[in-house]
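Scroll down for the structure; my scribbles are underneath it.
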Amino acid sequence: MPEYEFVDVYVPRGVSRKEATRLLTDHAKYGHWELDRLSLRRDGSRRVRLRRRIIRQVRATW
């Protein structure tokens with residue numbers, strides 16, 4: 001079963017949809033994050049949870 005690490009990103013209410021998209025695209029492109037959950041709050045802010053897979057390397061034995 002894959003293991004993931006998570007990060008929560010808070011996008012304030014004054015940030016436009018275009019700017020929020022660019023922010024999340026940069027996270028995905030350079031940090032290898034993917035969208036796990038997005039919640040839009042009543043005040044217009046967004047809470048975004050991103051995840052990326054943890055790859056554990058197995059030590060080779062000689």
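Interatomic distance, OG1 of T21 versus CD of E19, reported as 10.0 Å (0.5 Å rounding).
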Please report, to 0.1 Å, the donor-acceptor pairs under 3.5 Å made by any side chain of residues 32-51, with sequence neighbours excluded.
residue: E34; atom: OE2; partner: R51; partner atom: NE; Å: 2.7
residue: E34; atom: OE2; partner: R51; partner atom: NH2; Å: 2.9
residue: S39; atom: OG; partner: R47; partner atom: O; Å: 3.4
residue: D43; atom: OD1; partner: S45; partner atom: N; Å: 3.1
residue: D43; atom: OD1; partner: S45; partner atom: OG; Å: 2.8
residue: R49; atom: NE; partner: D8; partner atom: OD1; Å: 3.2

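When the side chains of ILVMFWY residues are joined at heavy-atom separations under 4.5 Å, either directly or via intervening members, V7 and V15 end up in a single hydrophobic cluster.
Atom OH of Y30 is surrounded by 12 or fewer heavy atoms from other residues, nucleotides or ligands within 6.0 Å.
A 4.5 Å side-chain heavy-atom check between E3 and R53 finds every atom pair outside the cut-off. Side-chain contact between T25 and H27 is absent, with no heavy atoms from C-beta onward closer than 4.5 Å.
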